[in-house]
Number of protein chains: 2
Amino acid sequence: MGVLSGGSFFEDVKDHLRTFEFLSDGYWHECRWGKASNKDLGRSLDDWELKVLGCRVLYSWISGAFSSMGQQVQYQGNSVVEISDDFILFQEQVDPFSLVADELAILANRLRSMVVAEVPKLASAAEYFFKMGVEGKRFRPTVLLLMATALNLPSSGPASDGNINMFSTELRTRQQCIAEITEMIHVASLLHDDVLDDADTRRGIGSLNFVMGNKLAVLAGDFLLSRACVALASLKNTEVVSLLATVVEHLVTGETMQMTSTSEQRCSMEYYLQKTHYKTASLISNSCKAIALLAGHTAEVSVLAFEYGKNLGLAFQLIDDVLDFTGTSSSLGKGSLSDIRHGIVTAPILFAIEEFPDLRAVVDRGFENPGDVDLALDYLGNSRGIERTRELATKHASIALATIDSLPVSDDEEVLKSRRALVELTQRVITRKK
Amino acid sequence: MGVLSGGSFFEDVKDHLRTFEFLSDGYWHECRWGKASNKDLGRSLDDWELKVLGCRVLYSWISGAFSSMGQQVQYQGNSVVEISDDFILFQEQVDPFSLVADELAILANRLRSMVVAEVPKLASAAEYFFKMGVEGKRFRPTVLLLMATALNLPSSGPASDGNINMFSTELRTRQQCIAEITEMIHVASLLHDDVLDDADTRRGIGSLNFVMGNKLAVLAGDFLLSRACVALASLKNTEVVSLLATVVEHLVTGETMQMTSTSEQRCSMEYYLQKTHYKTASLISNSCKAIALLAGHTAEVSVLAFEYGKNLGLAFQLIDDVLDFTGTSSSLGKGSLSDIRHGIVTAPILFAIEEFPDLRAVVDRGFENPGDVDLALDYLGNSRGIERTRELATKHASIALATIDSLPVSDDEEVLKSRRALVELTQRVITRKK
């Protein structure tokens, strides 16, 4: 193994060259290069062909460098490195967000241009959460762009005139549009939710209703929905319009279910899961399906995309519910406890009630007596509520992983990389601490 | 002329029979019947063929019966009756609402079924203004159904398989759907507007925000928009989806323009007309256009439909602005004065400012000083503000009438009847007292 540059190494493996580049934060990056043929390829690679045989962006939480190259690689995290006599097989871990970072940047710019309004106050209100720095994690667009590539099968789409590149670029633009629409619907629902909850902060800044008043927040939400609908119409696919319009209905239904539940419903796991499906999973599942539909996939593949999104969404929310109790620590009560303080009952409490039926009375009075929150935390701490919620989240994550595994076989590196990124994203949803 | 039954007459005119039936409220109805051929057609018509040669529903505000049949007909209102040697030509007046009453009833039922929600509270909120008795005037659906018939030209639509009846039924259902969607968007905007204005009544009952709270009113508005969007998608015409999604954007833009105007903008007629276009005219103009597009009309006809709706909408709002000052009487200050009391400047005041620039100061302070409303009314009373607003409304009404006149020639009785109804509706918009 030779040194290529500061943080990079190269290695001659049989008929090709592998280069490793260490990136920030412990990730690495590998490329395999073909043999050179009289071409100057630069300082340290001048006898190797520039054409990349296979380029793998390998990201892993490695604790150090390779300890014993050729046999075993030290690593941290879930990546497995198998070493055969012929070459090293990496079970690659990719950083989902880095993989689509460039596209996310384009998307962010497009979003800012899509929400431009004629009236200045409406313009400020509509762009509020699309401004640089307060765009959030962009979890949904990331999933959708990865899904778009993960489903990029040679046979997909109505391209029959041989002009596959043109089709593929156009398809990608349409799929990016789904990501943009999804983000607009998401932000619109946040704006209205914050009005309903009288929230004063969001994404580390004042909520729009807090900063510009309820009226502009309601109007800005409506405006984003109408722009989302105009953008949807431009895709000229009425099934997709219908899917995403139904999502808006689901968001409203979920919010109303939470706002208007009876005591019986508040303590029902079935009701909770239905509400969570509407409030969280519907948007990501239906937009994943829209990505598949636009590419002209079979119903079977579309369902797999939908199921991935749905189970990822459910897992995400279940972990969110846990983190509301635990925060970044593993102990109870370190989270923001915002759900319980707003009288909202989530999975950990529902599981705890199964073990301690007396907790039900505390739930029924909406945690309103002094000491009720502490009492509920006591019950929860003595129960398997947190553990069982994590187990349920893991179950949904497993289903999500299984759907990726069930996608049509592909040997395209980009496709496989995006599928690994979706796997990685699913694992992160489960293991995240915030 | 013979007596057919209690309120009906018949008359033998050359080769055909005319029957006149007097309906309630001074309207009449005329049918022309062909000669009979050995058919028993009932009590008083047994020598006349049942097949109607031409059936005209003639509605007019007649003060009495025909005073001198065969020469002149006494009437009240704008209908003109011309009498030639051969037959009587009626410049018919039809009651627009009666003409589509049956269809409006079907539409009302369909709307109630379209807004059914799963969650009980959301269901109550969403159906609130679709319940019997609080459905409003149904002005928009009436215009749209009449427009659909008015544009019913033999050559319209993509029917090429000869199955014109099937196509025509299906087209009508799709056009009814536009009327339903338009009504849903209208009600959704009312729900949100009432939240923004903190209104406590609407259509003679408590506003939804007053009765069920702001939260449910916001959610119900979102829900109606999402159902409207789902229904739109079902029409599978993306141009129509885009048109009506843009309307939602216009409604929001108009509302924001009103809420956030500068002093300069509040006193600008141009700004006022632009705001009125967004808030009132956009919905009816774009939905009229959608009716034309669904029928496969040329761009020229679609523009005529759009212009009719736009100018009718503008005329409607201008008269609304007048009535807010005058109410049912012709004198100032008898209206609800709700605009001026909310600091909203409308056309009459804008015209008055042109004559009395001093009024501008009163407007600039939002009519907030004690006596400001009376002061503004004084200025207005001494100005031609009301008169010029009526003139402007009449101008827009004339343009609306001209568009109907410019529609492709048709000799279909139903088509002509609907066009006359649109003319009548336009006249009523101008002459209405409430």
Side-chain angles (χ1 to χ4, degrees), chain A residues 117-123 125-126 188-189 192-193 195-198 213-262 274-275 278, chain B residues 117-123 125-126 188-189 192-193 195-198 213-262 274-275 278:
Chain A
E118 183 185 334
V119 184
K121 277 275 173 69
L122 185 58
S189 82
H192 283 189
D193 282 1
V195 171
L196 303 181
D197 300 341
D198 212 12
N214 280 347
K215 295 183 183 188
L216 267 168
V218 170
L219 288 169
D222 290 351
F223 177 79
L224 292 180
L225 287 179
S226 69
R227 280 283 159 100
C229 202
V230 171
L232 265 173
S234 75
L235 293 175
K236 301 194 189 299
N237 182 315
T238 49
E239 190 175 357
V240 167
V241 177
S242 187
L243 268 188
L244 291 184
T246 307
V247 166
V248 177
E249 185 184 323
H250 285 173
L251 291 169
V252 171
T253 304
E255 190 64 29
T256 317
M257 282 178 82
Q258 182 167 297
M259 250 173 61
T260 66
S261 55
T262 64
Q274 185 64 53
K275 179 198 78 178
Y278 284 145
Chain B
E118 183 185 333
V119 184
K121 278 273 173 70
L122 184 59
S189 81
H192 283 188
D193 281 1
V195 170
L196 303 181
D197 300 341
D198 211 11
N214 280 347
K215 295 182 184 188
L216 267 167
V218 170
L219 288 168
D222 291 351
F223 178 79
L224 292 179
L225 287 179
S226 68
R227 279 283 160 100
C229 200
V230 171
L232 266 174
S234 76
L235 293 175
K236 301 194 188 303
N237 182 317
T238 50
E239 191 175 358
V240 168
V241 177
S242 187
L243 269 189
L244 291 184
T246 307
V247 166
V248 177
E249 186 185 321
H250 285 174
L251 290 170
V252 171
T253 303
E255 189 64 31
T256 316
M257 282 178 83
Q258 182 165 298
M259 250 173 60
T260 65
S261 54
T262 63
Q274 185 64 55
K275 179 199 79 178
Y278 284 145

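Model, not experiment: these values are computed from the prediction. Per chain, numbering begins at 1; letters A, B, ... match sequence-line order.
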Is it the backbone or the side chain of [X] that comes under 4.5 Å from a heavy atom of chain B, or both, or neither?
X       : answer
T260(A) : side chain
L224(A) : neither
V230(A) : both

Item to check | Gap between atom CG of L216(A) and atom CE of M259(B) - 0.5 Å precision | outcome: 4.0 Å
Item to check | From K215(A) atom NZ to D197(B) atom CG, the distance as rounded to the nearest 0.5 Å | outcome: 6.0 Å
Checklist entry - Considering only heavy atoms, which portion of L232(B) lies under 4.5 Å from any heavy atom of chain A: side chain, backbone, both, or neither? => result neither
Checklist entry - Tell me, do L122(A) and E255(B) make a side-chain contact under 4.5 Å, heavy atoms counted? => result no
Checklist entry - So which of V119(B), L244(B), V247(B), L219(B) has the largest heavy-atom pair count under 4.5 angstrom toward chain A? => result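 Option with the top pair count is L219(B).
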Next on the checklist: Looking at chain A, which one of V241(B), L196(B), V248(B) has the largest number of heavy-atom pairs inside 4.5 Å, strictly under?
Outcome noted: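 Of the candidates given, the most pairs with chain A belong to L196(B).
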Checklist entry - Which side chain to side chain donor-acceptor pair (under 3.5 Å) pairs, counting each pair once, include a residue from residues 224-245 of chain A, with sequence neighbours left out? => result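 Output for this query lists R227(A)-E249(B).
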Item to check | Contact winner vs chain B - H250(A), H192(A), K121(A), heavy-atom pairs under 4.5 Å | outcome: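 Result: the option with the highest number of such pairs is H192(A).
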